Amino acid sequence: MKLVAAVALATSALVIMPGLAAAETVLRVASTSDITSDNPGVDRSGFTDSVHLNIVEGLVGYRDDLSIGPVLAEEIQVSGDGLTYTFPLRQGVVFHNGQTMTAEHVLASWERFMDEETSWRCRDRFDGSGRLEVTSVEAPDDATVVFTISEPSPLFLKDMARFDCGATAIQHPDAWADGWQRPIGTGPFRFVEWRPGERIILERFEDYVADDGPRDGMTGDKTPMVDRVLITVVPDSASAKAAMRAGEVDLMDISTSDADELREAGFEVLIQPTPAWGTFLISRHSERMANPALRQAMARALDMEQLAMLMGYEGHNASPIPPISSFYTSGQDRTYGYDVETAQALLEEAGYDGEPIRLITSRRSATMFDQAVVAQAMWRAAGIETEIEVLEWGTQLDLYRSGEYDIMSFGFSARLDPALSWDMFSGEQQRKVWDNPEALDRIGMLMSETDPDARAGISDELMDMFLEQVPAIGLYSQPTAVALSDRVDGFELWPGGRLRFWQTSVGE
Amino acid sequence: MMVPTLLVVSIIVFALIRAIPGDPAEIMLNDLDSDVAITAMRAELGLDRPIVVQYVIWLSNVLTGDLGNSIRTGQPVAEALFDRLGVTVTITALAIGLAVLLAIPAGLIAAWKQNTLADATIIGVSILFLSLPSFWLGLMMIWMFAITLGWLPAIGFVSLAEDFVGGLRYLIMPVATLALVEMAVVARIMRAQTLEVLRLDYVTHARAKGLPEAVVLTRHVARNALGPSVTVIGLILGGLLGGASVTETVFSIPGIGRLLVDAIYARDYPVLQGCLLLIAFIYVCVNLLVDLAYAILDPRVRL
């Protein structure tokens with residue numbers, strides 16, 4: 001009997017051992033930023049959104065072409081009058097705590113977001129304090145949710161899908177029972193651990209119910225292929241690169257200026273244009289910059305293509321609308337026209353006396369600083385003197401908000417609709433650089449017009465005015481870049497810029 | 001003196017960090033801000049109240065042991081400080097220990113063998129390490145031991161309590177970086193002081209008595225030369241416990257220094273105030289320990 005037991009034990013050990021030997025697959029990511037919270041849409045930053053969107057999902061999400069597609073919804077049904085949005089829910093979707101998602105969870109998540117106490121960053125997009133109000137949210141049955149809005153809006157779905165809104169994630173109420181606990185979403189990865197300033201660990205959600213369609217932005221098949229994602233916070237980019245060379249990192253976000261160095265070191269580098277926009281803001285509160293001829297001269301004195309090339313970008317884009325957008329028409333694909341002689345004539349017309357213009361920048365990103373230095377040289381060649389003031393980011397933001405500067409080297413994060421792209425620097429608030437009433441009227445029209453062709457036409461008119469009045473000098477749509485070790489397979493960047501850890505595997 | 005010192009520090013810190021342009025609401029909302037959102041966030045964080053009211057609220061909470069929560073991460077400040085202090089204490093204790101073990105004998109030998117090859121070598125090496133920026137030294141170590149030789153991990157930290165051997169591997173390079181730089185400082189001070197002591201009459205007397213040179217050096221010279229070195233070691237200890245932010249950043253170590261620097265950039269007032277109060281407390285304690293050490297080393301202080 002003992003012999004039989006021993007043989008059985010040995011046999012089972014042999015069967016089990018290979019299983020034990022199968023190593024856990026870990027995607028090791030290095031990030032120069034840490035997340036700011038584990039609470040999607042409430043306490044956020046760009047990188048925080050990236051991590052959250054691997055854990056939680058909303059009813060809808062952005063596709064690769066920046067259009068909107070269903071995620072937890074099976075489809076999106078819009079009524080003829082554009083006021084009622086019906087979302088039949090995907091069946092069998094499970095939360096990270098094992099509960100099956102129903103319409104009741106969608107209602108609970110929505111109520112929490114709209115509760116003032118939650119401090120959801122996007123509450124004012126839906127509560128009527130802006131243009132739009134969600135007047136009712138109902139669940140006619142367990143598998144359907146119906147939203148009714150106050151007026152037809154091209155932005156309703158886009159606002160719901162916004163990264164900084166946490167994609168209006170549907171979570172299980174246990175996540176906020178007795179105060180905020182931790183995210184309990186339906187995404188491909190479960191949130192395991194966050195040690196601030198040190199590391200974040202995500203774990204494959206074994207019961208993830210993937211969509212049928214191909215991977216497409218935040219929609220489609222999001223099957224997790226690795227057991228864990230280990231994100232290490234490495235604040236110094238030189239150390240992060242060293243860790244990658246030492247074989248301790250599989251994936252890291254990089255500056256495009258590091259691309260060649262990392263390629264030469266044998267890593268794969270992916271670069272993807274995004275809607276983030278690099279620009280020189282011109283303050284409307286600066287008396288000397290109020291002269292339109294001077295602003296025109298500064299725009300025409302910049303060799304934009306060379307500037308973009310020196311930054312490691314594919315090309316110049318004066319428009320705040322990114323080339324990947326369906327609203328990037330031939331009307332947007334225009335620029336100021338590099339012409340030093342014309343610039344000098346404009347300077348004379350403006351009565352420019354050679355006094356240095358104050359150019360604010362910071363080292364928050366290499367691009368923000370470098371573009372200021374390159375532009376300074378180009379302006380000097382045309383006879384425009386600038387004095388660069390390098391500030392710490394918080395101090396620069398303070399000046400940005402007050403408008404107390406002449407010119408500022410700046411970068412706007414991605415806006416995924418033309419109305420939002422124009423609105424980000426236009427308005428009457430102190431920080432905004434364009435308060436032309438006609439322009440603001442058109443931006444207002446863009447906010448409510450739902451016909452895509454009409455919207456493109458309005459956006460093109462805005463571009464005419466933008467190039468003529470030069471409230472800011474548009475430079476380029478900024479790309480995002482990552483370096484990958486040869487262990488990584490299947491990882492892809494996309495125009496939305498947020499990192500997607502699904503459909504990515506790691507080898508030996 | 002501890003309580004008045006900390007009180008004065010807290011007032012200065014509270015006032016000065018609010019004088020820096022930019023506030024946490026602006027930085028958190030970045031370019032995605034709206035005036036409504038910023039006003040709401042300032043109110044939520046209590047930043048819309050008069051500064052004196054904010055200080056009184058903060059101080060009364062501190063007196064009950066509540067340092068508040070981080071604006072950036074929501075983590076209780078006391079918890080964050082406790083977590084980070086453990087990391088920093090580990091690295092600092094090892095670095096100071098190593099630096100003292102190397103620097104005291106080195107300074108003593110350099111003075112004893114003044115104007116010889118040994119003296120020149122010790123002085124040369126000290127000047128070399130003093131001249132090297134710690135971030136450069138750290139990066140060179142990473143290049144040598146992590147990338148080229150593959151002996152040690154380039155970045156990160158593992159608690160010794162979690163994995164003693166693994167944790168030591170992560171500690172070697174940051175500890176060595178700090179120890180080499182600080183060793184150079186202490187060795188030079190020790191050498192200068194030893195040279196002075198060696199010229200005193202009682203040393204000549206001890207030698208004349210026929211005491212072995214090793215006994216003269218260790219029992220009579222070293223003990224009397226240690227005073228200024230202890231003061232410097234105390235200052236270094238306070239400085240490192242207050243945050244070796246550059247070394248922590250290069251090796252991605254989650255210590256007090258990085259917490260402080262991140263808090264400055266994010267205008268995370270509660271964390272900033274907590275960190276600076278802790279650093280002030282550490283300095284006060286270290287000063288006290290240095291004074292006590294004087295009394296042990298030099299009986300005249302007790303008189």
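Below, chain A is the first sequence line, B the second, and so on; all start at residue 1. Predicted, not measured: the structure shown is a model, and the values here were computed from it.
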K.L.:
Output the option from B:Gly150, B:Ser70, B:Ser252 having the highest count of non-hydrogen pairs under 4.5 Å with chain A.
P.N.:
B:Ser252
K.L.:
Under 4.5 Å, counting heavy-atom pairs only, tell me which of A:Asn39, A:Leu397, A:Thr48 racks up the most with chain B.
P.N.:
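Of the options given, most contacts go to A:Leu397.
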K.L.:
Determine the option with the most heavy-atom pairs under 4.5 angstrom with chain B, choosing from A:Thr36, A:Asp43, A:Leu420.
P.N.:
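Highest number of heavy-atom pairs under 4.5 Å: A:Thr36.
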K.L.:
Under a 4.5 Å cutoff for heavy-atom pairs, which residue among A:Val249, A:Leu399, A:Val234, A:Leu391 has the most contacts with chain B?
P.N.:
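If we count pairs closer than 4.5 Å to chain B, A:Val234 comes out on top.
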K.L.:
Could you state the interatomic distance from OG1 (B:Thr73) to CZ (A:Arg195), rounded to the nearest 0.5 Å?
P.N.:
15.0 Å
K.L.:
More than 12 heavy atoms of other residues, nucleotides or ligands under 6.0 Å from CZ of A:Phe369: yes or no?
P.N.:
yes
K.L.:
Around atom CE of B:Met140, are there more than 12 heavy atoms of other residues, nucleotides or ligands at under 6.0 Å?
P.N.:
yes
K.L.:
Non-hydrogen atoms of chain B under 4.5 Å away: do they reach the side chain of A:Thr232, the backbone, both or neither?
P.N.:
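A:Thr232 touches chain B through side-chain heavy atoms alone.
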K.L.:
Heavy-atom distance under 4.5 Å to chain A: side chain of B:Ile155, backbone, both or neither?
P.N.:
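Answer is both: backbone and side chain atoms of B:Ile155 are under 4.5 Å from chain A.
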K.L.:
Go through the atoms of B:Leu149 and report whether side chain, backbone, both or neither lie under 4.5 Å from a heavy atom of chain A.
P.N.:
neither
K.L.:
For the residue pair B:Ala154 and A:Ala246, what are the closest heavy atoms and their distance?
P.N.:
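The answer is CB-CB, 4.3 Å.
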K.L.:
Specify which of B:Tyr265, B:Phe157, B:Phe251 makes the most heavy-atom pairs with chain A at under 4.5 Å.
P.N.:
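Greatest number of close heavy-atom pairs with chain A: B:Tyr265.
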K.L.:
Does any heavy atom of chain B fall under 4.5 Å from the side chain of A:Arg123, the backbone, both, or neither of them?
P.N.:
neither
K.L.:
Determine, for A:Glu392 against B:Arg267, whether the closest basic-nitrogen to carboxylate-oxygen distance falls under 4.0 angstrom.
P.N.:
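Looking at A:Glu392 and B:Arg267, the cut-off is met.
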K.L.:
As an exercise: rank A:Phe410, A:Trp194, A:Trp180 by heavy-atom pairs under 4.5 Å with chain B and give me the winner.
P.N.:
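Between A:Phe410, A:Trp194, A:Trp180, the count favours A:Trp194.
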K.L.:
Give the intermediate values and the outcome of side-chain contact (heavy atoms from CB on, under 4.5 Å) for residues B:Asp262 and A:Asp34.
P.N.:
CA-CA 10 Å; B:Asp262 289 347; A:Asp34 192 4; over 6 Å; no
K.L.:
Heavy-atom count check: over 12 atoms from other residues, nucleotides or ligands less than 6.0 Å from A:Arg131 CZ?
P.N.:
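Enclosed.
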K.L.:
Any side-chain heavy atom of A:Pro235 within less than 4.5 Å of one from B:Arg258?
P.N.:
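A:Pro235 reaches B:Arg258 side chain to side chain.
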K.L.:
Which residue out of A:Glu248, A:Met424, A:Arg245 racks up the most heavy-atom pairs below 4.5 Å with chain B?
P.N.:
A:Glu248
K.L.:
Between B:Gln75 and A:Pro196, is there a donor-acceptor pair closer than 3.5 Å when you use the side chain of the first and the backbone of the second?
P.N.:
no
K.L.:
Among residues 158-167 of chain B, which residues come closer than 4.5 Å to chain A, judged by heavy atom distances?
P.N.:
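Under the 4.5 Å heavy-atom cut-off, B:Glu162 qualify.
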